[in-house]
Each structure stands twice: as C-alpha cells, then as structure tokens.
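Here is the structure we will look at.
Only this structure's heavy atoms are used, side chains among them; waters, hydrogens and symmetry mates stay out. Numbers restart at 1 for each chain; the letters A, B, ... are given by sequence-line order, proteins then strands.
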Amino acid sequence: MKVVIAEKPSVARDLAKVFGKTTKKDGYIEGPGYSFTWAFGHLVQLAPPEVYGFKGWRVENLPMLPERFKLAVRQQKTASGTSDDPGVVKQLNIIKKLFDEATEIIVATDAGREGELIFRYIYYHLKCKKPFKRLWISSQTDEAIKNGFRNLKPGTEYDTLFFSAQCRSESDWIVGLNATQALSIAAGNRAVLSLGRVQTPTLAMICFRYLENKNFKPQIYFQVAIYLNKDDVGFRALSIKNFKDEETALEVLKKVRDVASGDAAGGLIQNVEVKPRKEQPPLLHDLSSLQQEANKRKGFTADQTLSLAQTLYESKLITYPRTGSRYIGEDVLAGIPQLIENLEHHPLFGKQASFLKTAKLNKRSVNAAKVTDHHALLPTENVPSGLSPDLQAVYDLIAGRMLEAFHQECIKELTKITIESGSLFVANGTVIQSPGWRSVFNQKDDEKEDEDNATLPKVSKDESLPIEKKEVLEKQTKPKALYNEASLLKAMETSGKEIEDEELRQAMKNSGLGTPATRASIIETLIKRDYIKREKKLLLPTEKGLAVYELVKDKKIAQAELTGLWEKRLEDIRTGGSVAEFKNEIREYTRTITSELLEAGRGLSGLIAEPEPEEGAVICPHCKKGALRFGDKAVSCNGYQRGCSFVIWRTMSGKQLTDSQIMELIEKGRTSVLKGFKSKAGNSFDASLLLADGKVHFVFAPRTEEAKQ
DNA sequence: GCAAGGTC
C-alpha cells in the first residue's frame, strides 16, 4: 500500500477523491492501493531550550547555540503548563503506523519551503527510513492531481529545499530566543521582552511612523480659490501656485476679476483638457488584501478576519484562505461562470452577477505562473444561507471581489480646465462614464481628492465666465497617516516600502515581512507583549514598545531588510549553496546581538512597569504583587521572575503547608511537581504548583536557605 | 516565559 501524506485534511480529501472509491478512517482515508493521511500544519517543531538543559532564563545560558537541533511534538498550553498536544500525538501515531506499513511514501504537503519542512520534521521525528517520492502540484484540479501522480519526483530532489527550510527554522529559533532572553534578562526579568526577525521590524515600522507623525511640523501655506458658474453649474478652481505667506496670496486674490469687483465675466478659459482614463478591476483577494479590505470597511482586525475566513473554509463556502496569491489558473477559470451564476440571487450584487453571466470575463486575475501553493480566494460552489452578519460580511467581500475581478474596466473622464484671472487657476473634475467593476459595491474611490469637482459644466477655450466668489484658503501640509491594521498589513507585504501599484506590490511580496498565514498573529503578539495597542482603528506604540524600539532600532534585528537578506541566502541554499556558511554567520550574529542586548537592555529596567494585580488576585506577602493565574484552577506567585526571593504557598482550602509537609509529600511520591523542580538541598524550591492527594495546592515556600533568613 | 512557521 502506498501512503500519501498531505499538509492538511482538506488536501488529503481532494487527492483521495481523484482515486475513486474511498473509505474514511480515523485520521486517514483509504482508497484502492493508497492511503491518504495528513498533518495539521507543523505537528513537529524545534524543541524548546529546556530540552538542551537551558533551564530558566539566565545569563549563563546565553547564547544558546545547540550543536544539533532536536525535534519535539507541537505543544499545547494548559492551566498546568505546556504539554504535548494530544490531538497531534494521536495523528502522529496514525502517520507512524501508516509509514511502517507503506510500500511507498508519497509526500503531498504544500509545494513550497514550509510544506517540505512540515513533512521532513515529521519523517525525521518518527525516525522513518523509507525512501519517499514528492508530489509537486500547484493546483488541486483533478487533471493537475492526476498529472502530478504520473510525474512523482524522487524525494531527494527536494533535499536542498529542506535545507533552506531548516535554516529558516533554526535561524529564527537561535536569533529570536536568544535576543528575547537577553533583552528580558537585562531588563530585570520582570516581563517578556520579545524580539524576532519579523515582529521587531514590524514594531519598528509602527514606532517610526508614530514618531515621524508626532514630530511632524505642519507647514502652513495659502491658496487662492475662485468659484465660477456656467449654466447654473458652479465649480471651483484653485490657484496653480501655493503661497508661503498670506500677503502674496492676498495680492493674487486682489487681481482676480470677480463679479463684485465689476467684471461680469472675468474668468477666461485658457485651456480645456479632457482625458479618458481606464481603471482596471482589482485582483482577486489573497488573505492579506481581504484582511485590509475587511479592516477598512468593517473594522475587523486581521486576526478576526482570518478566523472568520477559517470558519467559512471549514464550512466549505470559500477556498483555502491563507493564500498569498491573487491569481488563478486557466483550470480554475473554467469553473468561474458557474460561481458567478450562483450569485444571481444575492441581495447585494445579484444584478451584477446576472450581467456578468453574459459578459466577457476580464482575465487580469488569470495567471497560472503567479499561483503558488494556493490560488486566490474564491467562493465555492456551495451557496451559503443563514450566516451570521460577520461571516456574511467576509463572504460578501470574497464573492463580490470575484465579480469585480472578472468585470469590465471602469472608464472615467478626467477634465482639467485652466482659467486666467490675474493669474492662473485650475479646476479638476472626474466623471465616471462607465462604472464597470465599480458597480459591484458602488464604492467611491478610496482616495477621493478633495480638490476635485463632482461635476464640471461643458466649457470651451476662450470663453469667459463670471467669478461669483473668491477667497484665500489656509492649508497645512499633512504627515503620513499612523498605521491601522490595513495599512500595516500592506506595509508588511513590502517591508515598509510604500508601493501603490498593485502589481508591483505583488512582485515585492517575496521579500515581505512574515507570510499571509502569520501576519495576524504577529500583530497579536506585539499587542500581547504590550508593545503596541489598538486605539479605535489605529495601532499605536506603547511606552514599552517605544523604549524597546529606541534600544534596537539601529540593529539588524529591527530592519525589514534582514528578512530580504535571509531570503537571498536561503534561495542560494535551495540551489545548492553552502548551508554551513549561513549557519555559522547566524551563530556569529547571535553572539553579537546577545551580548549587545545584555549590555544595552539594562537601560530598560526602569521602564518596564509591573502589571497591576487583577481584581481578587492572591497577593504574595513578600513581594506584594499579584500571583499568576492558571485558569480557574490555580494561582502561583511569580516571585522568582521579579526578583522576589520567596515563593509562597497556599492550598486551595487556605491551609498553609510547611516546608517539611511539602517535602514529605514529595518523598512519599504522592505529589507531582507540575512546574519548576525541587532541589537536592531539601527545602529549597523552584516549584510553585504541587498536586497532592488529587487536590491542587498552591504552595509558596522560600527558594533558598539564604532567602529564608 | 522566548521565534516564526503551519493549521484545527
């Protein structure tokens, strides 16, 4: 029997379908001659530092540079700490059993670097030795799948891809964990001050923009506006020049031949320029553009949108959401007319669907070469009903975008009228002649220029019009806007470089910060660390975030370019370049940044405030701070983290345990230490949570002999 | 108690 392993259940199902009759089993699907199993993303990952004996967060451990990395089962967090995720363990056992029985292993994880890593980590963790073949497809249509199975590649052809993936993974571990511990320890170990290749440049972007905005000195300038009229259609024209001081503007104003100054038609039309402009429809959505749109229109956070999209995906209403491509291939295009027809009764854009059914489809979003692991977001053939408003909103953004993307161009007419009246003035106007794709949502332009006239009358050269009013306008230059989630996601895609052009932005994506699947969680991490906060729609740095930024802003770890540099090297490795060289450089860099941060981070200690104890929290009598909560089951003093040399204890019932009672429980083996450890010195503990007689006790005890005195 | 990456 051949065993096929996919990255996720949905792909395994798609593959199995092609082979005809299949039976669903626990954790895999059985078909004729094949079994199809799956992972759920990374089931196996790099082991945490403790596994190498790096206990606690201590200077002596740094830098942590494992010679050979170890793998561990993905962890889950529970009230009593972290442990192997039972769902993952179960699936790994199923995979192991299938691999053991297999005559051939076929790797069908996503066709990309991380897909390769997902499989290899599982394979090496299970100590499997069987050779494997690789299925490499970028589309899940029956034809593509069949073709892929006819053209399986030897697994070894992807060894260098694995090496590059492994380097990415290990380098993020080494740099991220060491930098995080170094900064946190230096600042007094009172809070986690995390740093990483992606999160720190992201924080830097937010802080830089915030400071730039705050320190912006607006320049005041003046413009002269005149108001003309023809056939009862009024419009406004502005002086071509801006003026630094009001006096000059007033002089220009004075020369304007308005009606009040006795000139019945003092505005001489010097020139009329009419230009048509075609506006292509937007591309189909990828996750990032969906998140941006949902943030702009509905105020959803990136994280909310991802989770709503995941729900729609699990309900089989939309295609795979964590895609980074905004294109589809010809094969998918074949199914689009049906998808459009399905929307005919949609209350918002049923009409447009009906129209599009008979129109020629715009092929701008069709480009198989730009489809990577997954194609752009589309609705599926299933028609939803009774969705919650939020789910419906996200569904509508995806379905509506599909209509837009295949719709016709929007044709606009740009008119520019130049008027002479003492000096030169210009009136701009935009008229939509054929809305095309814009009729789907009937949305105005994003950047509506306030200098534009909604309507302009027909005027001709050398005509003279009355000027009904004139005035001096005082204006200010504006700073760049603070980031919100939409603009931050956009900036992350292009490493902070501002690129308006959609296609150019697509091209830059490969060197962007993070991936579509991880950006939302990066933002959430920065919030969790108290580096940034949401204020209405804006993302603003906190004091802590700014302090960390100040400290690291000139270091490589805060530069978006670091990712670009790594990517270049990883690509070298994929094509056969030296792995050892890159690894050595990363280690060397880690040594440098670790010692720099240990030194520099000391300046932060005063800035990291203690969190206020929560309402009803247990207060440690020694350090007078609130104890940590483990769900509703347990609390524990976190004294050793904040320099309190005592760890305190209380049982659930309020009964105090003495040191000797604790020792007795441990010695009798009736207690298991869930967190921390007991030292050989007897009553010296690092433990904070004990289980005895099936009851949870919170035990606070002196950590060392010295502390007891 | 840490990274970034994947996905339920």
Can you list every salt bridge (Lys or Arg N to Asp or Glu O under 4.0 Å) pair that touches residues 158-176 of chain A, not counting sequence neighbours?
A:Glu114-A:Arg168, A:Arg120-A:Asp159, A:Arg168-A:Asp172, A:Glu170-A:Lys583, A:Asp172-A:Arg197
Candidates B:dA3, B:dG1, B:dG6 - which lies nearest the side chain of A:Trp173
B:dA3
Could one point to a donor on the side chain of A:Glu50 or the base of B:dC2 with an acceptor on the other under 3.5 Å away?
yes
According to a strict under-4.0 Å criterion, is A:Arg529 in side-chain N/O contact with OP1 or OP2 of B:dA3?
yes
Inter- and intrachain pairs under salt bridge (Lys or Arg N to Asp or Glu O under 4.0 Å), touching residues 79-92 of chain A, at least two apart:
A:Asp26-A:Lys90
Heavy atoms from C-beta onward define the side chain here; which of B:dC8, B:dG1, B:dC2 lies closest to that of A:Pro48?
B:dC2
Determine all donor-acceptor pairs shorter than 3.5 Å in which one atom belongs to a side chain in residues 7-16 of chain A; sequence neighbours excluded.
| unit_1 | atom_1 | unit_2 | atom_2 | d |
| --- | --- | --- | --- | --- |
| A:Glu7 | OE1 | A:Asp110 | N | 2.9 |
| A:Lys8 | NZ | A:Asp110 | OD1 | 3.4 |
| A:Lys8 | NZ | A:Asp110 | OD2 | 2.9 |
| A:Ser10 | OG | A:Tyr313 | OH | 2.4 |

Please list, chain by chain and in numerical order, all residues satisfying side-chain contact (heavy atoms from CB on, under 4.5 Å) with A:Ser388, sequence neighbours excluded.
A:Asp390, A:Leu391
Side-chain N or O of A:Gln45 versus OP1/OP2 of B:dG5: is the shortest distance under 4.0 Å?
no
Per-pair stack call A:Phe40 and B:dG6, 5.5 Å, 30°:
no
Tell me whether the side-chain N/O atoms of A:Arg197 come closer than 4.0 Å to OP1 or OP2 in B:dG5.
yes
Under 4.5 Å between any side-chain heavy atoms of A:Thr563 and A:Pro201, yes or no?
no
Any side-chain N or O of A:Thr518 less than 4.0 Å from the OP1 or OP2 oxygen of B:dG5?
yes
Heavy atom of residues 107-119 of chain A under 4.0 Å from DNA chain B: which residues?
A:Asp110, A:Glu114
Which pairs count as salt bridge (Lys or Arg N to Asp or Glu O under 4.0 Å) when at least one residue sits in residues 174-188 of chain A, sequence neighbours excluded?
none
